[in-house]
Asker: 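This structure is in structure tokens; I'll ask about it shortly.
Keep in mind that what you see is a predicted model, and the values were worked out from it rather than measured. Just so it is clear: chains get the letters A, B, ... in the order the sequence lines come, proteins before strands, and each one is counted from 1.
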Number of protein chains: 2
Amino acid sequence: MQRSPLAPAYFPALPPIAGVKLRVAQARYKDWDRCDLTYVELDAGTAVAGVTTQSLCPSPEVEWCRDAIPLGSARALVVNAGNANAFTGHRGRAAVEAIAAKVANHLGCLPSDVLISSTGVIGVPLPIDKAEAGLEAAFDAAPCDWEAAATTIGTTDTYAKGAHVSAMIGDTRVELVGIIKGSGMIAPDMATMLGYIFTDAAIDPALLQQMLSAANKRTFSCITVDSDTSTSDTVLAFATGKAGNAPITSMDDAGTDAFHAALTDLCRQLAHLVVRDGEGATKFVEISVEGAVSDESAHRIGLSIANSPLVKTALAGEDANWGRVVMAIGKAGEPADRDLLSIRFGATQVATGGLAVEGYDEAPVAAHLKGQDIQIGVDLGLGEGRATVWTCDLTHGYIAINADYRS
Amino acid sequence: MQRSPLAPAYFPALPPIAGVKLRVAQARYKDWDRCDLTYVELDAGTAVAGVTTQSLCPSPEVEWCRDAIPLGSARALVVNAGNANAFTGHRGRAAVEAIAAKVANHLGCLPSDVLISSTGVIGVPLPIDKAEAGLEAAFDAAPCDWEAAATTIGTTDTYAKGAHVSAMIGDTRVELVGIIKGSGMIAPDMATMLGYIFTDAAIDPALLQQMLSAANKRTFSCITVDSDTSTSDTVLAFATGKAGNAPITSMDDAGTDAFHAALTDLCRQLAHLVVRDGEGATKFVEISVEGAVSDESAHRIGLSIANSPLVKTALAGEDANWGRVVMAIGKAGEPADRDLLSIRFGATQVATGGLAVEGYDEAPVAAHLKGQDIQIGVDLGLGEGRATVWTCDLTHGYIAINADYRS
């Protein structure tokens with residue numbers, strides 16, 4: 001698969017996180033010659049938080065994580081690529097339990113300390129024998145770097161995705177590293193969004209959960225490639241506590257705001273990396289909505305625009321078709337008054353007060369739409385609600401990836 | 001534009017409706033050599049009912065119709081093709097008022113007796129001078145047939161769409177004829193769904209409204225091409241009362257059921273004609289959902305499947321990808337239990353009880369998916385709720401029509 005034209009030039013240099021050891025192995029979930037099992041060992045005392053898909057038909061891995069996350073502690077993460085193990089009934093659940101048991105036995109921890117994700121083809125139970133052999137190989141493997149792990153969790157991704165931020169908690173610098181995979185919300189053979197964040201900060205798991213949930217709301221929940229929601233989407237955050245900072249146990253603790261901001265920034269970077277690998281994407285699109293009756297309303301209007309096939313195909317065609325933006329606002333079902341609407345492409349106001357801006361300069365709009373980073377601004381003129389969402393355009397590439405294919 | 005591969009072989013023979021006179025003319029809303037203004041004269045005493053888009057940013061024509069419909073009587077219909085007059089502020093409203101005034105003056109009726117629709121490019125006020133000259137030409141034109149009117153209301157449509165049913169009210173046979181246009185829910189240059197039904201039955205307008213609203217819920221509201229809702233969608237029903245039946249004034253009157261069934265059947269036929277002209281469509285897809293907790297829940301699940309880009313691209317690829325159907329059910333936000341789900345392609349059960357049907361015969365499924373008429377069946381196993389929706393596949397043709405285009 002050709003590298004997305006929106007991909008960063010290279011995988012960033014990411015620092016190690018104390019208490020985190022990465023290993024990869026070949027479980028051969030598909031008939032391929034690449035690592036497809038990622039095994040992450042976490043030192044005792046690691047806190048965990050997580051968010052999972054809203055899907056009511058989730059994979060057994062998601063159900064497992066939903067049960068394990070509230071317990072707050074983790075010792076290992078296993079990610080299988082090539083088989084999503086979704087819609088596989090009791091045999092799928094048995095595979096998850098076997099993996100947890102094997103790792104727990106290896107580390108001398110509880111099965112619930114083992115977080116598990118799988119991504120890939122749907123409807124085929126994850127083969128337990130391959131998972132167990134893969135784990136054996138991973139236990140014996142030499143530790144690897146972030147890029148190897150980011151590559152191994154990938155499926156239809158056209159590039160490995162990672163990012164890094166840091167924050168000061170008092171006098172102590174803490175590091176946060178994230179890796180993520182995903183290129184459609186879900187995809188033919190494989191693909192879903194799986195993200196993993198690792199920090200050496202010491203933080204209470206309930207607080208980490210609170211911060212991750214808030215960050216998720218403003219980042220991962222604000223991206224869409226094709227409006228389709230995976231049965232497996234999962235983002236997990238692990239905090240090893242090895243940095244030596246005074247543990248964060250309340251929102252009032254020093255450094256809490258800095259850590260929360262850094263975590264949100266990291267989530268935003270990771271979310272954008274997924275959109276930039278959107279199937280067939282040639283444009284990264286930021287949609288900012290303001291003047292809505294509430295932030296939630298602005299969010300729903302933003303997603304209505306971001307998910308509109310007609311808006312997305314217009315952007316692919318570099319067409320300043322604000323009429324389609326109006327249409328998408330109108331269908332969102334949220335308060336909107338046609339005659340108060342303003343719409344902007346890049347820095348240029350193209351419609352305002354219910355009318356096209358007469359004689360607006362089309363040259364900067366055309367130049368903006370020819371670029372790779374597109375901005376659409378909408379002002380509803382009703383209130384103070386605002387939201388920003390990100391998406392990509394809808395191109396022949398998307399159809400080629402998803403239709404010119406047999407499962 | 002090439003005729004849709006899903007189009008019927010020819011335009012059907014449609015009987016005249018007493019009390020309805022059709023005329024078309026060239027208003028030249030675009031620089032083209034075709035009729036683009038349809039003018040329908042209705043005898044005094046004609047009842048009207050209608051349904052319009054749910055969009056909160058509708059065109060002034062839709063606002064005009066929303067005000068006029070409840071008054072219950074109509075003397076004329078004007079349909080402009082080539083300019084939707086949407087998002088045009090006070091100038092758009094002025095054009096609608098000018099058209100109504102001119103026709104009212106011509107016929108000696110109230111402006112509110114004149115129903116008006118426009119379809120085409122958004123954001124450009126309908127030119128009043130062209131509308132008025134077009135009306136003058138239409139007033140003087142010879143009456144035309146249904147096919148000419150169905151062609152004239154069309155924009156990106158690749159074929160003219162019409163249908164006919166009849167019903168017995170007591171001993172009196174009444175005729176119902178419909179014409180419709182639409183190929184995407186809304187489209188680049190033009191296109192939206194506009195449907196007009198004419199009957200010679202005598203029926204109270206409030207009852208006609210009740211029947212049309214109910215029929216709409218089971219037909220036009222059950223189709224989707226690209227999930228995008230037009231700012232102009234309108235369906236109007238006109239009843240001239242010339243058939244001589246004993247007027248229907250209550251749901252208990254003789255023939256009411258027959259008329260209601262015929263009206264619903266006609267709406268279904270017209271709705272299917274729109275889907276069969278879906279932009280880029282190569283497959284007509286019927287999605288039947290049963291076993292939901294309610295009919296409404298079944299309807300929402302059906303539309304979630306029908307609107308999923310991944311389901312629609314899989315069908316374009318003739319791929320029995322039931323995993324994507326599960327995904328679309330899961331994201332609908334309606335009660336669903338993965339382990340009770342059954343999914344059928346054509347007559348073949350491919351998944352049941354949370355698992356792929358082991359060793360199901362793939363040959364009939366592959367043969368079914370190669371055809372032009374695809375059926376997907378979903379049984380949620382939860383209750384008695386059921387719904388059927390219709391859509392088309394998502395192909396390179398859709399992208400070509402909507403992206404490889406400049407407004």
Side-chain angles (χ1 to χ4, degrees), chain A residues 53-58 86-89 91 121-124 184 186-188 226-231 307-310 313-314 316-317 319-324 326-336 338-339 341 351 353-356 394-396 398-400 402-407, chain B residues 53-58 86-89 91 121-124 184 186-188 226-231 307-310 313-314 316-317 319-324 326-336 338-339 341 351 353-356 394-396 398-400 402-407:
Chain A
T53 178
Q54 300 290 307
S55 174
L56 295 169
C57 300
F87 211 53
T88 53
R91 283 180 293 169
V121 71
I122 281 181
V124 180
I186 187 174
D226 54 15
S227 83
D228 279 337
T229 309
S230 156
T231 51
N307 280 325
S308 161
L310 287 171
T313 46
D319 176 13
N321 197 320
W322 54 269
R324 295 188 185 178
V326 178
M327 173 280 302
I329 296 166
K331 76 166 180 166
E334 292 295 319
R338 189 189 58 202
D339 297 343
L341 274 181
L355 280 170
L394 174 57
T395 69
H396 284 289
Y398 182 85
I399 306 290
N402 288 298
D404 305 349
Y405 152 89
R406 298 289 181 288
S407 64
Chain B
T53 177
Q54 300 291 307
S55 174
L56 296 170
C57 299
F87 210 54
T88 52
R91 283 180 294 169
V121 69
I122 281 181
V124 179
I186 187 174
D226 54 15
S227 83
D228 279 338
T229 308
S230 157
T231 51
N307 280 326
S308 161
L310 287 170
T313 47
D319 176 14
N321 197 320
W322 54 270
R324 295 187 184 180
V326 178
M327 174 280 302
I329 296 166
K331 76 165 180 167
E334 292 295 319
R338 189 189 56 203
D339 297 344
L341 274 181
L355 280 170
L394 174 58
T395 68
H396 284 290
Y398 182 85
I399 306 290
N402 288 297
D404 305 349
Y405 153 90
R406 299 290 182 288
S407 63

Asker: Quick one: CG on B:L394 to CG on A:L394, what's the gap to the nearest 0.5 Å?
Answerer: 6.5 Å
Asker: If we define contacts as heavy-atom pairs under 4.5 Å, which of B:D339, B:V124, B:V326 has the most with chain A?
Answerer: B:V326
Asker: As an exercise: rank B:P58, B:G353, B:A356 by heavy-atom pairs under 4.5 Å with chain A and give me the winner.
Answerer: B:P58
Asker: For the pair A:W322 and B:F87, name the ring-plane relationship: parallel under 30°, tilted 30 to 60°, perpendicular over 60°.
Answerer: tilted
